[in-house]
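Structure record follows, encoded as structure tokens.
In this text, all values refer to a predicted model and were calculated from it rather than measured experimentally. All values below come from the heavy atoms of this structure, side chains included, with hydrogens, waters and symmetry mates left out.
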Amino acid sequence: MGAAWVLLEPLSSERHENCHMKEKTQRISDRLDWNLLRTFLVIAQEKSISGAAVKLHVTQSAVSQALRRLEEQFGRRLIERHHSRFCLTPAGEEVLAAADTIYGNVAQLASSVSDADEQTVGRIHVLVASRIHSAVYDAFWATFHRAHPRVEVELEVMPSSEIVKIIQQKGATAGIALCKQMPKRLEHSLFLQQRYSLFCGQYHSLFGKSDLTMDDLLGENFVSFTSDALGDSLSPLTIFRDQRGFSGTVVATSSHHDEVKRLLVAGFGIGCLPEHSVQHDLDEGRLWRLPPEEGVCSANLYLLWHEDAHRTAAERVFLDAFKTHIEQYTPAQRLLPILPQVRQQ
DNA sequence: AGTTTCACAAACAGAGGTTA
DNA sequence: TAACCTCTGTTTGTGAAACT
């Protein structure tokens, strides 16, 4: 039955064409399967049918058939098939934009319905980058929970690039993520200004050497964050390596701060970490600070939220509380491991 | 290598019949 | 009349083979 109602024969007169289009549009809006749009959204995000299949936990064949059914419903090609090249047709771009919006609205609907069930119990879903080191941040959650004990909180850890994507789709209340440049449609508030420096671990040959210069490091292998690929949130680290003429290779990677640190301590190579996050490891002799003295680069963590998402009461309370809380502290205070006194206005 | 097509199977929904 | 069962058609998935 699926696409039997889609009329593909060309009609001769313009009047008939208009009637036909109106009828067809009506039928599409009545019958369009949201699952197909969701599948198409993932295909476009992954830029691959097999990639989408992995993400959706179905076979590549199932995704291919779903795409065909969607194309039949619209009576248009949505993706141009080329050898090893993926591109959306203009119709595909239109469908993607619509699917993106619908996905956001459905996510908000789920949140609103959940809120409506229990008027006094809200729920917030916050996406956070791996391992945020800040006593101010810890204190925020303590304060927030005391003030709003019935608000249910979900904190989900994921790479910054994923966080930005999901917040743009209105798929969560807010995100705390590294950003090189501010993404479209998102509001932001600067949270942490982190300075990255080079370190090696206790089993590395450079550990404990205090008279090192940059030349001593150029042949060393690297431990890196997955996100320091060019164009990603930590790409300044890669640019630094290229500009300074490092000849070593990246021998170990992880998207998680603690795992990068573990690999550094294990002696896989040298690598960058936020200075303020490893003071304890330096004090206890697990890590060793390397040149350059001034560090490698800065990377800022921002609180991100969608500019025109519908928000529940709990979500509004969270955003207001977070912004108010961090504004009480200077950027330097936000990096401290122990909660400082609130700054004087 | 990635994608499409085909045959087949499982799950599901709706229609219709039966029974208490 | 509600509850249950059976049958049938549809949808959507898998796996294999063919295609680009």
Side-chain angles (χ1 to χ4, degrees), chain A residues 1-11 19-114 116-117 156 158-159 161-162 164-166 168-172 224-232 235 238 249-255:
Chain A
M1 181 180 88
W5 45 267
V6 175
L7 307 174
L8 296 172
E9 305 87 345
L11 294 173
C19 291
H20 165 67
M21 287 310 293
K22 200 172 173 183
E23 189 182 350
K24 186 173 157 184
T25 304
Q26 180 66 44
R27 284 171 174 175
I28 285 176
S29 60
D30 286 349
R31 296 293 312 272
L32 186 61
D33 183 349
W34 158 244
N35 284 322
L36 296 183
L37 275 186
R38 166 73 181 133
T39 300
F40 181 69
L41 192 59
V42 177
I43 293 171
Q45 283 169 351
E46 295 294 309
K47 293 185 169 56
S48 151
I49 288 180
S50 34
V54 170
K55 198 151 187 179
L56 293 165
H57 305 291
V58 294
T59 60
Q60 179 271 321
S61 171
V63 175
S64 175
Q65 290 174 78
L67 174 60
R68 183 173 51 77
R69 288 197 299 276
L70 188 65
E71 289 180 326
E72 282 171 358
Q73 291 202 1
F74 285 111
R76 292 262 194 289
R77 281 292 227 191
L78 302 178
I79 290 173
E80 288 293 350
R81 280 78 161 171
H82 298 292
H83 270 303
S84 68
R85 195 163 72 83
F86 177 99
C87 71
L88 297 179
T89 62
E93 296 283 1
E94 287 293 320
V95 173
L96 174 62
D100 212 29
T101 304
I102 294 169
Y103 183 78
N105 290 340
V106 170
Q108 282 181 20
L109 178 64
S111 174
S112 302
V113 168
S114 154
D117 283 346
E156 196 173 355
M158 59 176 64
S161 55
E162 284 288 308
V164 168
K165 213 182 293 177
I166 292 171
Q168 281 178 320
Q169 293 174 353
K170 306 179 194 172
S224 80
F225 281 94
T226 313
S227 58
D228 72 5
L230 283 177
D232 214 329
S235 59
T238 302
T249 56
V250 175
V251 293
T253 61
S254 174
S255 57

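- Distance, A/L36 CG to C/dT12 P: 6 Å, rounded to whole Å.
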Item to check | Intermediate values then yes/no, side-chain contact (heavy atoms from CB on, under 4.5 Å), A/I166 and A/M158 | outcome: CA-CA 11 Å; A/I166 292 171; A/M158 59 176 64; 3.6 Å; yes

Contact list (N/O, under 3.5 angstrom) for nucleotides 5-14 of chain B vs protein:
residue, atom, partner, partner atom, Å
B/dT5, O4, A/S61, OG, 3.0

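- At whole-Å resolution of the value, CG in A/L67 and P in B/dG2 are 17 Å apart.
- Of the possible polar contacts, one joining the A/T89 side chain to the A/L78 backbone as a donor-acceptor pair under 3.5 Å is found.
- Here A/F40 contributes atom CZ and A/R69 contributes atom CZ; the two are 14.5 Å apart, rounded to the nearest 0.5 Å.
- Whole-Å rounding puts the A/F40 CZ to B/dT3 P distance at 14 Å.
- Using modelled atom types, no side-chain atom of A/T39 and backbone atom of A/A66 make a donor-acceptor pair closer than 3.5 Å.
- In this structure, CG on A/L88 lies 4.5 Å from CD on A/E93, to the nearest 0.5 angstrom.
- For A/R38, the side chain to side chain contact (heavy atoms under 4.5 Å, CB included) partners two or more places apart in sequence, or in a different chain, are A/W34, A/L41, A/V42, A/Y103.
- As a whole-Å value, the separation of A/R69 CZ from C/dT10 P is 15 Å.
- Taking only side-chain atoms of A/T59, from C-beta outward, the nucleotide of C/dT14, B/dT4, C/dT12 with the closest atom is C/dT14.
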